[in-house]
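The structure appears right after this line, and notes come after that.
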Amino acid sequence: MFNAIEQAVKYQTLIDQPEIHLALKRLDLIHPQISGNKFYKLKYNLQYAKQLGLDTIITFGGAFSNHIAATAYAADYFGFKSIGIIRGEELAQQRLNHTLTTASQFGMQLEFISRQDYRNKNQADFLVELQRRFPKAYIIPEGGTNTLAIQGCTEILTDADRQNYDVICCAVGTGGTLTGLIEASNSHQTVMGFSALKGDFLKQDIANLTEKSNWNIRDDYCFGGYAKTSPLLIEFIHGFEEQYQIPLEPIYTGKMLFGILDLIKHHYFAPNTRILAIHSGGLQGRQNLL
Ligand SMILES: *Cc1c(COP(=O)(O)O)cnc(C)c1O
């Protein structure tokens with residue numbers, strides 16, 4: 001199934017001028033539920049969980065998490081039970097939003113925990129206790145980023161992508177996808193991350209994950225922080241969708257493309273630069289927000 005699914009990926013040229021070439025790699029077309037980068041992040045994790053003979057996938061996320069929706073679907077598809085530990089105990093009393101409704105339709109059992117408890121999600125004693133309660137579960141961290149996820153994300157780039165482009169751009173949440181792209185890139189390429197979150201901490205996180213230095217990450221197009229938007233961003237997304245007939249969403253891909261096109265406008269890139277932007281999917285969350 002994994003190999004068949006990847007055939008859906010397409011390239012679409014957005015700008016083709018003598019001084020700049022910009023193409024979009026449409027990972028959003030992979031699958032309506034396990035779309036985009038989440039497909040690559042889950043791939044080896046689910047294979048490994050099967051090898052270990054486990055029957056449940058447990059993971060973490062907020063109410064709008066594309067990773068939660070993708071994991072619910074993929075776990076179900078591969079015959080696992082799934083449990084989503086969701087940030088915010090108040091949500092248990094509310095009507096589920098689109099993302100959580102989708103997740104529960106695919107059989108994910110949702111556990112709502114307080115923001116305070118959620119902060120411990122990576123701590124050893126929290127994880128040991130969780131594993132004790134669910135001994136046959138495979139635990140995937142928030143956003144799905146771990147070593148196997150990064151390995152999966154190296155497969156986003158093909159040999160042709162390494163040959164044909166000078167700059168690779170992607171949206172960044174936890175940095176797993178960016179790290180996979182960095183690992184897969186040629187040293188003459190620059191990998192640029194557009195952070196969906198405010199702050200410098202991701203730079204250090206990614207530096208800890210790779211020894212390469214042909215990359216950078218910026219947060220000046222995050223529009224104030226994770227899941228924050230503005231009328232300007234929403235207007236940009238609607239305009240882009242109309243012009244190119246390509247759907248975006250405001251948390252990741254909308255911000256990245258706003259940033260790339262703004263940098264092009266300000267002549268940030270050297271003449272004749274060939275840019276490949278990764279459309280990392282996430283469209284399931286579009287209905288929550290646009
Ligand atoms: C999750 C997600 C990202 C961020 O991926 P990371 O590996 O966590 O950096 C980017 N784009 C979309 C659409 C996503 O759903």
Side-chain angles (χ1 to χ4, degrees), residues 1-2 5 30-149 152 173-174 176 226-227 249 251 281-289:
M1 169 237 191
F2 277 134
I5 266 182
I30 286 179
H31 188 279
Q33 304 297 339
I34 332 178
S35 90
N37 60 344
K38 300 304 185 284
F39 166 80
Y40 294 91
K41 295 180 83 168
L42 285 168
K43 183 174 170 175
Y44 291 118
N45 276 295
L46 296 185
Q47 279 179 15
Y48 186 51
K50 268 270 184 276
Q51 264 174 37
L52 294 174
L54 302 173
D55 67 7
T56 303
I57 306 295
I58 300 183
T59 196
F60 303 85
F64 297 101
S65 167
N66 296 324
H67 167 66
I68 286 288
T71 303
Y73 181 90
D76 185 52
Y77 191 96
F78 286 100
F80 294 100
K81 291 179 271 190
S82 68
I83 299 171
I85 300 182
I86 310 298
R87 183 181 62 230
E89 57 194 340
E90 76 282 1
L91 297 173
Q93 265 64 258
Q94 297 169 16
R95 222 186 67 172
L96 297 182
N97 70 6
H98 173 76
T99 302
L100 297 179
T101 303
T102 307
S104 81
Q105 276 166 356
F106 290 116
M108 183 175 266
Q109 179 189 325
L110 302 175
E111 276 206 23
F112 297 93
I113 67 172
S114 70
R115 279 149 215 277
Q116 199 171 350
D117 289 344
Y118 191 86
R119 257 177 245 132
N120 299 329
K121 64 189 178 299
N122 295 327
Q123 296 202 342
D125 42 350
F126 181 91
L127 294 170
V128 166
E129 171 58 16
L130 194 61
Q131 198 74 74
R132 193 194 58 75
R133 278 174 66 202
F134 303 102
K136 294 207 78 183
Y138 182 79
I139 302 174
I140 300 181
E142 180 186 49
T145 290
N146 58 16
T147 310
L148 290 176
T174 60
Y226 183 72
E249 45 67 49
I251 297 182
L283 298 171
Q284 68 80 26
R286 203 175 172 283
Q287 297 173 55
N288 294 315
L289 298 153

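Atom set for the values below is all heavy atoms of this structure, side chains included, hydrogens, waters and symmetry mates excluded.
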Is there a side-chain contact between R115 and E90 (heavy atoms, below 4.5 Å)?
yes
What distance separates E142 CD from S65 OG, expressed to the nearest 0.5 Å?
7.5 Å
Is any side-chain heavy atom of Y40 closer than 4.5 Å to a side-chain heavy atom of I30?
yes
Euclidean distance, R119 CZ relative to F126 CZ, rounded to 0.5 Å
12.5 Å
Mind running side-chain contact (heavy atoms from CB on, under 4.5 Å) on Q93 and F112 for me, showing each step along the way?
CA-CA 10 Å; Q93 265 64 258; F112 297 93; over 6 Å; no
Mark yes or no for whether T102, through its side chain, and A69, through its backbone, hold a donor-acceptor pair below 3.5 Å.
no
Does any non-hydrogen side-chain atom of L110 lie less than 4.5 Å from one of L91?
no
Search all heavy atoms of L42 against all heavy atoms of I34 and return the closest pair with its distance.
CD1-CG2, 4.0 Å
Between A63 and L100 the two heavy atoms that sit nearest each other are O-CG, 3.8 Å
Tell me if a side-chain donor or acceptor on E249 pairs with a main-chain N or O of I251 at a distance below 3.5 Å.
yes
Crowding at NZ, K121 (>12 non-hydrogen neighbours, <6.0 Å):
yes
4.5 Å side-chain heavy-atom contact, I57 and N45:
no
How close do N146 and P141 get, heavy atom to heavy atom, and via which atoms?
ND2-CD, 4.0 Å
From T174 OG1 over to N37 CG, what is the distance, rounded to the nearest 0.5 angstrom?
8.5 Å
If you look at every heavy atom in I68 and G84, which pair is closest and at what distance?
CD1-CA, 4.2 Å
Y73 and F106 aromatic ring geometry - parallel, tilted or perpendicular at 30°/60° bounds
perpendicular
Do H67 and K41 have side chains that get closer than 4.5 Å, going by heavy atoms?
no
Answer whether the closest heavy-atom distance between the side chains of S35 and L283 falls below 4.5 Å.
no
Nearest atoms (heavy-atom pairs only) where Q284 meets H98:
O-CD2, 3.0 Å
Specify the closest pair of heavy atoms between G144 and A149, including all atoms of both residues, with the distance to one decimal.
O-CB, 3.1 Å
Value rounded to 0.5 Å, distance of CG in N66 from OG1 in T71
10.0 Å
Could you grab the distance from atom OG1 of T101 to atom CE of M108, nearest 0.5 Å is fine?
13.0 Å
Measuring from Y48:OH to I140:CD1, what's the distance to the nearest 0.5 Å?
12.5 Å
Are any of the side-chain heavy atoms of F134 and T56 separated by less than 4.5 Å?
no
Is the closest side-chain heavy-atom distance between L46 and Y138 below 4.5 Å?
no
Here's one to test your reading of the geometry: is the NZ or CZ of K50 within 45 degrees of the ring axis of F80 and under 6.0 Å from its centre?
yes
